[in-house]
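Computation of the quantities below employed the complete heavy-atom set of this structure, encompassing side-chain atoms and omitting hydrogens, waters and symmetry-equivalent molecules. These figures come from a predicted structure and were not determined experimentally.
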Amino acid sequence: MMKADKKKRKLPIKILAAALPVCLIAGMFFAYTSTYYRADDTAQAALMTDDKVTVGRTDYGYLFDGPSETDALIFYPGGKVEETAYAPMLRSLAEGGVDVCLVKMPFRLAVFGKDKAESVISETEYERYYIGGHSLGGVMASSFAEGNSDKFRGVIFCAAYPIGKLPDGLFCLSVYGSNDGVLNMDKYEDAKIYFPHDFTEVVIEGGNHAGFGSYGAQEGDLDGEITALKQQEQTVGEILSKINSEKNATAEE
């Protein structure tokens, strides 16, 4: 009986020893994801509805609903960035004629929500869809587009790059700032083989990595020589120009 009692006492200890590493990893993960870049007051103000853009909560995140009835951009936020930090830029896109479906990612990491665009498309009805994102969000958006190219007209990269070959049938626009201290330029250059042969690259002079959103300075980034608002305005202009050019070219065919 004494030996059996000892075995019974040892069993919980073995279970605890086996569970301890899992608990430590889980604790480290939640500690890592609980620290993130939060949307600033400018971003919060851009979530308000007015006579130009209706901003509404959805199952997938937020919809910036402007005058367009045909075109929508599905946008994946950067890693560990509160999704609403991109509200000013996305609101301007909606005002300019491209509605935006802003996706809220699990743990604010798009790597855990690469396929979220699928639910966005199933919940909305647009004639033309585009997909893109910032930093990690752009990488994951392009990864989804790689296997679902028939669903999209183009891919928009904001300080990001593809990790798999995108078909030439998709137009691609790559925008990054000259003062980006976070984007790995060696990996970006290596990834150019995955872009369609006629992709468009735009470098915003004085822009940095965090300037695509409104969440303050980002660790490892360089100081911007222009304001985040100016960087976002230029980015919006480039996106709208590219989409409108693609639409006009398609209409002429």
Hydrophobic cluster identity match, Tyr161 and Leu170, side-chain contacts under 4.5 Å: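 Cluster IDs for Tyr161 and Leu170 match.
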
[X]: partners by salt bridge (Lys or Arg N to Asp or Glu O under 4.0 Å), with sequence neighbours left out:
X	result
Lys192	Glu189, Glu201
Glu95	Arg91
Glu146	none

Tyr60 side chain near Glu123 side chain, heavy-atom distance below 4.5 Å: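 Sidechains of Glu123 and Tyr60: in contact.
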
Student check: side-chain heavy atoms of Ile204 and Ile226 closer than 4.5 Å: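 Ile204 vs Ile226: side chains touch.
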
Salt bridge Arg108-Glu82, side-chain N to carboxylate O under 4.0 Å: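 So Arg108 does not pair with Glu82 through a salt bridge.
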
Ser174 versus Tyr188, side-chain donor and acceptor atoms under 3.5 Å: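 The criterion, which ignores hydrogens and geometry beyond distance, is satisfied for Ser174 and Tyr188.
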
Polar contact flag, side-chain donor to acceptor under 3.5 angstrom, Lys80-Thr35: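 There is no such pair between these side chains.
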
side-chain hydrogen bond (donor to acceptor under 3.5 Å, both in side chains) partner of His209, chosen from Asn179, Asp221, Asp180: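 Testing His209 for a side-chain hydrogen bond (donor to acceptor under 3.5 Å, both in side chains) against Asn179, Asp221, Asp180 leaves exactly one candidate, Asp180.
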
Among [options], exactly one meets side chain to side chain contact (heavy atoms under 4.5 Å, CB included) together with [X]. Which residue is that?
X	options	result
Pro77	Glu83, Lys104, His134	Glu83
Phe64	Asp99, Leu90, Val98	Leu90
Tyr129	Asn148, Asp71, Ile121	Ile121

Axial cation check for Tyr126 ring with Arg128, 6.0 Å and 45° limits: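 No, Arg128 does not sit over the ring of Tyr126.
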
Flag, side chain of Ser92 to backbone of Pro88, donor-acceptor distance under 3.5 Å: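 Judged by distance alone, yes, a pair lies under 3.5 Å.
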
Under 3.5 Å donor-acceptor, Glu246 side chain and Phe171 backbone: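 No, because the side chain of Glu246 does not come within donor-acceptor range (under 3.5 Å) of the backbone of Phe171.
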
